[in-house]
There are 2 protein chains.
Amino acid sequence: MKNFLTKQDLKKLLIDSNITKLTQDLEDIHPADILEVLRDRDFDKLKVMKKLPIWFIANVFEEMEDEEKEDFLNLFSEAEQYKIVNEMTSDEIADLLSNFRPEKIIKFLRNIEEGAAKAVKELLTYKDDTAGGLMASEFVAIKETMNVKETLKYLQIAVADVETAYYLYVLDKKNILRGIISLRELVISTFDTKIKDIMHEKVKSIPVEMDQEDVAIIFEKYGFQAMPVTNERDVMLGIITVDDIIEVVREEATEDILRLGGVNEGEIIDGAAFSSVKSRLPWLYVNLFTAILAGATVGLFSDTIDKVVILAAFNPIIAGMGGNAGTQSLTLIVRGIALGEFTKENAKKVFKKELLVGLINGLAVGIAIAAIGILWTGKPIFGVVVGVSMLANMCIATIVGYVVPVILKKLKVDPALASAVFVTTFTDVCGFFFFLGLATLLLKYLV
Amino acid sequence: MKNFLTKQDLKKLLIDSNITKLTQDLEDIHPADILEVLRDRDFDKLKVMKKLPIWFIANVFEEMEDEEKEDFLNLFSEAEQYKIVNEMTSDEIADLLSNFRPEKIIKFLRNIEEGAAKAVKELLTYKDDTAGGLMASEFVAIKETMNVKETLKYLQIAVADVETAYYLYVLDKKNILRGIISLRELVISTFDTKIKDIMHEKVKSIPVEMDQEDVAIIFEKYGFQAMPVTNERDVMLGIITVDDIIEVVREEATEDILRLGGVNEGEIIDGAAFSSVKSRLPWLYVNLFTAILAGATVGLFSDTIDKVVILAAFNPIIAGMGGNAGTQSLTLIVRGIALGEFTKENAKKVFKKELLVGLINGLAVGIAIAAIGILWTGKPIFGVVVGVSMLANMCIATIVGYVVPVILKKLKVDPALASAVFVTTFTDVCGFFFFLGLATLLLKYLV
């Protein structure tokens, strides 16, 4: 790794340098690195931030998590706050304001540049997790009647404010998207070429209300650097760039992983203990309720256990293995749904496969546990009871692991959210019921 | 969504069009869409692929998963295969060949362009999941003595073969990376400006052997479109572009999710049942072994259960809740490690927090289950036994959920790989042991 400053070196530089020297050095320092230093609790944030130019502070804000922006902003006077916000792009301002109280939003909109305020107001109407919530309103718009030389000249004046100028968008008078051309295509064309002659007309665009997960799937499929966002009349509203998509992909995956593990998706790894308790305890209570259900199932058969106490030792094995088999198919289906790999077209095929897998694995594990049961107790009939219950529970488990996320998806609930609880409760109750029920039926041969 | 062709329309177009018409239409059709159609089993792949120009087929190959490339390639004659491969970029060729047998690799390297063969040979020496495995060898290299006009002219000739020309890299005679300039910065500078005067000298570069997960973390932190890859002498070897990173992020997340769920990371959702069994059965056997360990712990106390049969009903509740609490902290730590959020610096803080969370949640659930135990049996002492065991097991579970992934990480084993098995085995055995042990000690008060 070359030219990556260590946190210690950067700290020293920020503390020791005067404003003039620091402003020179900033050209080679990435705001993301500065943010890491500013996050340190024992570091005098305010003193250092006062040394940084306003435009750079705005860049540091663009690197922050949404949760920490307001606290950082409050370090500044009101007048300074407006100056900082005025240096941000409209999508960053909208992200920042969306967490504020309504009165505070109105106050900010009144005190920033008119053009930006208008763009921000519109962005605030879109939901966070849609294309509208992801897009930036700044992009390079050109006309099809321009030639390459005129376009290059226009870029030299207009491009400074634009987040990315990798693609140029050709709009008509009504701002309807007519074509697209990449900066690279522009650069390799002769000066008098008309934009109309080199632009691509069939532009793939993203509808403003599309869910961000679907946007990410499109970006990954086509590998674009940026895509235009339009409304239902094809009016161009903004662009989404690929670096925003990385965050979406990571966020959605993290959400799934944490939810599957029974943790609230907002939990921060080194946050306060109290907020972790708040995130996890509700899930534990839901689990406690379902565990009691499973325990009560065992309670139903206490007479049988009283007579054949070895059943109590095999009980958790049968239930647990069902849980494992169910979790396996559940995990595959939940991830398949998130990646768009599980579709209407292959749903039936997947179901048949899961059924077959449950049967084969159930047989494989059932035979093993039957043998162990016979060795342990010396009674072949005990082996049969254990083996058959295991087979039945693992088949049911695989089906439940398929069905539960599919139903939740249909009910428009995130399949990752509650699947694991349902599946393990089901396999626990079924496992106990099959095993102890069968044992009760065959009790006279087991005693 | 505008200008996205449906699969049905595209199928019709591919079948109905003759070669001339198809070649015209291809400008607006994305190879990723064609690939989706070609993947259909009932579709006559070969007939349609014969209609497509070679350069387009090469683009379709770039969209394929590594596993399917060889099968598609085998549809063509040997001579056609070499032609197709000659249209690919060096990193794509290396990805393709890396799955072939050594003799086949040598044969291909002999039959493709010399320059490409040299680049591919070098790329094949890097591991798949490192920066070297991700990078493309094609990039735009310029000299610092050139001016803007010369650079633009050079681009018009040189750029056609290059995957992305968003950044231009300034190299010296020994190919050492001296500076970087974006296409956008080039375009907005006057023609006679020297590259030396506008290039950025402190270029952040990625070492060729860096793990792809770490590369993804750097891309996400800094939001670059592309980054240069260098060796230990700062010689520039290639570039990594952000669209490759999306795939890495998704792959790594999918791997973690599947591994945590006890599924092999290569399992395909609508693949063959047999390969699913192969992916899942080994895990189930590992789990069976650990479940038997837990069952044997229960077996140790069969005398106690024989006397107080209600213990058998509470047994799975205590073990299960420990498993849930352990999985919660495990999930958070595994994800924190993957995202780089769990560091040496905050490890101690996180540990203290987990300890406190385990204690609070253990108390909250312990008191609830104690009350239920008393209501169920009418014996306050039973409530104490259940409550105390629950508290102890949930504290242990939280600690184990923290410790296991941290140890695996130190042993350089993927923390997601075996954590869940260890944690639930541990909480099962501990839960049974605490609960039944305590009950045995206090047996005379419980009967």
Side-chain angles (χ1 to χ4, degrees), chain A residues 2-3 28 30 32 155-156 159 165 183-184 187-188 202 204-205 220-223 242-243 246 249-250 253 257 261-263 269-270 273 276-277 280-281 284 287 291 295 298-299 302 305-306 309 312-313 316-317 320 324 327-328 331-332 335-336 341-342 346 349-350 353 356-357 360-361 365, chain B residues 2-3 28 30 32 155-156 159 165 183-184 187-188 202 204-205 220-223 242-243 246 249-250 253 257 261-263 269-270 273 276-277 280-281 284 287 291 295 298-299 302 305-306 309 312-313 316-317 320 324 327-328 331-332 335-336 341-342 346 349-350 353 356-357 360-361 365:
Chain A
K2 238 203 126 186
N3 293 314
D28 293 318
H30 198 285
L155 282 180
Q156 297 183 8
V159 90
L183 192 54
R184 169 180 148 173
V187 164
I188 60 173
K202 293 201 177 161
K204 286 190 166 63
S205 63
E220 204 189 359
K221 181 171 172 194
Y222 295 107
V242 66
D243 51 299
I246 292 190
V249 170
R250 224 190 250 285
I257 291 177
V263 180
I269 190 164
D270 54 0
S276 290
V277 170
R280 300 186 207 173
L281 194 54
L284 289 173
N287 273 301
V298 178
S302 50
I305 296 175
D306 210 11
V309 77
I317 302 179
N324 290 326
T327 303
Q328 287 181 330
T331 305
L332 202 72
R335 191 60 186 157
E341 287 172 358
F342 180 79
N346 66 7
K349 188 179 164 198
V350 174
K353 186 209 62 176
L356 194 57
V357 171
I360 299 174
N361 284 342
V365 175
Chain B
K2 241 206 126 183
N3 293 312
D28 294 317
H30 198 285
L155 282 179
Q156 297 182 9
V159 92
L183 192 53
R184 169 180 149 173
V187 165
I188 60 175
K202 293 200 176 162
K204 285 189 167 61
S205 63
E220 204 190 358
K221 180 171 172 191
Y222 296 107
V242 67
D243 51 299
I246 292 189
V249 170
R250 225 190 249 284
I257 290 176
V263 179
I269 191 162
D270 53 0
S276 291
V277 170
R280 300 185 207 174
L281 194 54
L284 290 173
N287 274 300
V298 178
S302 49
I305 296 174
D306 210 10
V309 78
I317 303 179
N324 290 325
T327 304
Q328 287 182 330
T331 306
L332 202 72
R335 190 62 187 155
E341 288 172 357
F342 180 80
N346 65 9
K349 188 180 163 197
V350 174
K353 185 209 64 178
L356 194 59
V357 171
I360 299 173
N361 283 343
V365 174

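Chain identifiers are assigned alphabetically (A, B, ...) following the order of the sequence lines, protein sequences preceding nucleic acid strands; residue numbering begins at 1 within each chain.
Looking only at heavy-atom pairs under 4.5 Å with chain A, the residue among Gly336(B), Gly262(B), Gly320(B), Gly223(B) that has the most is Gly262(B). Each of Val242(A), Asn287(A), Thr327(A) has some count of heavy-atom pairs under 4.5 Å with chain B, and the biggest count is that of Asn287(A).
For Arg335(A), the part sitting under 4.5 Å from any heavy atom of chain B is the side chain, from C-beta outward, and nothing else. Heavy atoms of Ile317(A) lying under 4.5 Å from chain B belong to its backbone as well as its side chain. For Lys221(A), the parts lying under 4.5 angstrom from a heavy atom of chain B are both the backbone and the side chain. At a 4.5 Å heavy-atom cutoff, the contact between Leu281(B) and chain A is made by backbone and side-chain atoms alike.
Across every non-hydrogen atom of Ala273(B) and Val357(A), the tightest pair is O-CG2, 3.7 Å. Across every non-hydrogen atom of Ile269(B) and Asn346(A), the tightest pair is CG2-ND2, 4.5 Å. In terms of heavy-atom proximity, Ile305(B) sits nearest to Ala312(A) at CD1-CB, 3.9 Å. Annotation for Pro316(A) and Val298(B): closest pair CG-CG2, 4.4 Å, computed over non-hydrogen atoms. Heavy atoms only, all atoms of each residue included: Gly299(B) and Ala313(A) are closest at N-CB, 4.0 Å.
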- prompt: Can you list the steps and then say if Arg280(B) with Leu332(A) is a side chain to side chain contact (heavy atoms under 4.5 Å, CB included)?
  reply: CA-CA 11 Å; Arg280(B) 300 185 207 174; Leu332(A) 202 72; 3.6 Å; yes

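The line from CD1 of Ile257(A) to CD1 of Ile257(B) is 4.0 Å long, rounded to the nearest 0.5 Å. Put simply, CD1 on Ile246(B) and CD on Glu220(A) are 6.5 Å apart, with the number rounded to the nearest 0.5 Å. In this structure, the separation between CG on Asn361(A) and CG on Leu284(B) is 5.0 Å, given to the nearest 0.5 Å.
Checking side-chain atoms of Gln328(B) against main-chain N and O of Val263(A) turns up no donor-acceptor pair under 3.5 Å.
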